[in-house]
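Heavy atoms only: backbone and side chains are in, while hydrogens, waters and symmetry mates are out.
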Amino acid sequence: MTTSIRITRRQRDESHTDEVVPAALRSEQELLERLRAADFEGPLARHLEADLWRYGWNCLRKWMKDGTIVVRCHTRDVRLKYLDQEVTELQRSAELREELAAAAVAEAVMYFMDYSLKRGYWKPHKGASMRTYFINDCLYKFRDAFNAWARPRRRQMEALADTVLDLGRAQGSFEEQAELRDAVRRVLQRSPAEAVAIAALLYRGPCTQKEIGAQLNLSVRSVEGYLRRMRSLGREMQRRGDIELPPSICSVRAARGCR
């Protein structure tokens, strides 16, 4: 008879207590022991949190600015879905970089202290320093903050594509959103400045044609005219092959009897 033995997580952790800690990490092991003795409270814990804050803050902002944040996520198996334009916006906007870095690091510091350290997820004998382990937490929390920022924008782009390309509220997959974005960009490149301004206001959020006209000093009829001409241009560009819509969008339009 074969007897299977389950090794619990606690037993696995205890089995590693005699593992050799690299010399470079012995000071961090001692720090962890001191933190445990103080129940992760007091000046020592606050000092570590402040150090982690500075490190995570500087790393994330730097990686967003030079565009390597997506590579960092990929190499650490942090699954991040992004559009090229979104990465470009991260590079252009210091305010956005600070907003996302602050949200991510705040969550990462709490997670690192409460889980990675208190619950023993970080183990110095495995060779990763506290900072190395912490920055991985930062990248996961960055993904969450990035998604919270990007998802509403993608919904706004879908709404804009509905208007410019006359899609009938069709929604595609994440990959198809990139194709829609490119199609809208191409249509707007061939549209007058007034039409581009109208599209920009629609992208910012829901607003009526009357509200758009008031902001651009246009009549409601003029706004309607620009929107109608944009839709006509989009259909004409599709017929000529200047833009291509995702297959799922085309099937929806065909079902509606659009040509």
* **Spacing of NZ belonging to Lys118 relative to CZ belonging to Arg36, to within rounding of 0.5 Å** => 12.0 Å
* Do the charged groups of Glu224 and Arg228 touch, with an N to O distance under 4.0 Å? -> no
* Can a cation-pi geometry be assigned to Arg119 and Tyr121, taking NZ or CZ under 6.0 Å from the six-membered ring centre and within 45° of the ring axis? -> no
* State whether the number of non-hydrogen atoms from other residues, nucleotides or ligands found under 6.0 Å of Arg221 atom CZ is greater than 12. => no
* Asked: Above 12 or not: heavy atoms from other molecules or residues under 6.0 Å from CZ of Arg79?
  -> no
* Just wondering, more than 12 heavy atoms not from Arg229 lying within 6.0 Å of its CZ? -> yes
* Structure fact -> Here the gap from Arg131 atom CZ to Asp51 atom CG, rounded to the nearest 0.5 Å, amounts to 4.5 Å
* In one Ile/Leu/Val/Met/Phe/Trp/Tyr side-chain cluster, 4.5 Å: Leu32, Leu44 -> yes
* To do: Give, for atom OH of Tyr82 and atom OG1 of Thr88, the distance between the pair rounded to the nearest 0.5 Å.
  => 10.5 Å
* Asked: So which pairs with a foot in residues 183-192 pass side chain to side chain donor-acceptor pair (under 3.5 Å), sequence neighbours left out?
  -> Asp182-Arg185, Asp182-Arg186, Arg190-Asp242
* Within-4.5 Å side-chain heavy-atom neighbours: Ile135 and Arg76 -> yes
* Looking at Leu216 and Ile198, what are the two nearest heavy atoms and their distance? -> CD1-CG1, 3.6 Å
* Beyond-backbone contact of Val70 with Cys73, side-chain heavy atoms, under 4.5 angstrom -> no
* Asked: Any donor and acceptor pair, going by atom type alone, linking the side chain of Glu98 with main-chain N or O of Glu95 inside 3.5 Å?
  -> no
* Asked: When rounded to the nearest 0.5 angstrom, what is the spacing between CE in Met130 and CG in Leu48?
  -> 6.0 Å
* Side chains of Gln29 and His125: does their closest heavy-atom pair fall under 4.5 Å? -> no
* Structure fact -> Residues Leu188 and Ala199: closest non-hydrogen pair is CD2-CB, 3.8 Å
* Asked: Do the side chain of Asp66 and the main chain of Thr68 share a donor and acceptor less than 3.5 angstrom apart?
  -> yes
* State, with a plain yes or no, whether a side-chain heavy atom of Leu100 is found less than 4.5 Å away from one of Arg61. => no
* **Backbone of Arg54 reached by a side-chain donor or acceptor of Asn58 within 3.5 Å** => yes
* Asked: Would you say Asp84 has more than 12 foreign heavy atoms packed within less than 6.0 Å of its CG?
  -> no
* Asked: When you look at Trp149 and Leu96, which way does the side chain to side chain contact (heavy atoms under 4.5 Å, CB included) test go after all the steps?
  -> CA-CA 9 Å; Trp149 166 77; Leu96 177 59; 3.5 Å; yes
* For the residue pair Cys138 and Val105, what are the closest heavy atoms and their distance? -> SG-CG2, 4.5 Å
* Asked: About how many Å separate CZ of Phe146 and CG of Leu60, when rounded to the nearest 0.5 Å?
  -> 13.0 Å
* Asked: Given the rule in the side chain to side chain contact (heavy atoms under 4.5 Å, CB included) test, do Lys123 and Tyr133 qualify, once you have shown the distances and angles that lead to the verdict?
  -> CA-CA 9 Å; Lys123 297 176 177 64; Tyr133 201 94; over 6 Å; no
* So if you build clusters from Ile, Leu, Val, Met, Phe, Trp, Tyr with side-chain heavy-atom gaps below 4.5 Å, do Val78 and Tyr115 land together? -> yes
* Structure fact -> In terms of heavy-atom contacts, Phe142 and Ile69 come closest through CE2-CG1, 3.5 Å
* Can you find a heavy atom in the side chain of Gln91 that is under 4.5 Å from one in the side chain of Lys65? -> no
* Compare all side-chain heavy atoms of Trp57 with those of Lys62 and state whether any distance is below 4.5 angstrom. => no
* Structure fact -> Taken in chain and number order and not counting sequence neighbours, the residues that satisfy side-chain hydrogen bond (donor to acceptor under 3.5 Å, both in side chains) with Ser27 are none
* To do: Specify whether Tyr55 and Phe134 have parallel, tilted or perpendicular ring planes, treating 30° as the upper limit for parallel and 60° as the lower limit for perpendicular.
  => tilted
* Can you check whether Thr208's main-chain N or O pairs, donor with acceptor, with Glu211's side chain at less than 3.5 Å? -> yes
* Asked: Does a side-chain heavy-atom distance below 4.5 Å link Arg92 with Glu89?
  -> no
* For Ala145 and Ala104, work out which heavy atoms get closest and say how close. => CB-N, 4.4 Å
* Do Val71 and Trp63 sit in the same hydrophobic cluster, where Ile, Leu, Val, Met, Phe, Trp and Tyr count as joined when their side-chain heavy atoms come under 4.5 Å apart? -> yes
* To do: State, with a plain yes or no, whether a side-chain heavy atom of Leu139 is found less than 4.5 Å away from one of Leu80.
  => no
* **Ser116 to Asp137 - nearest heavy-atom pair and separation** => OG-OD2, 2.9 Å
* Asked: How many angstroms lie between atom OG of Ser93 and atom CE of Met64, to the nearest 0.5 angstrom?
  -> 10.0 Å
* To do: Before giving the answer on salt bridge (Lys or Arg N to Asp or Glu O under 4.0 Å), spell out for Glu236 and Arg240 the whole-Å C-alpha distance, their side-chain angles and the decisive distance to 0.1 Å.
  => CA-CA 6 Å; Glu236 178 62 25; Arg240 293 199 305 260; 3.4 Å; yes
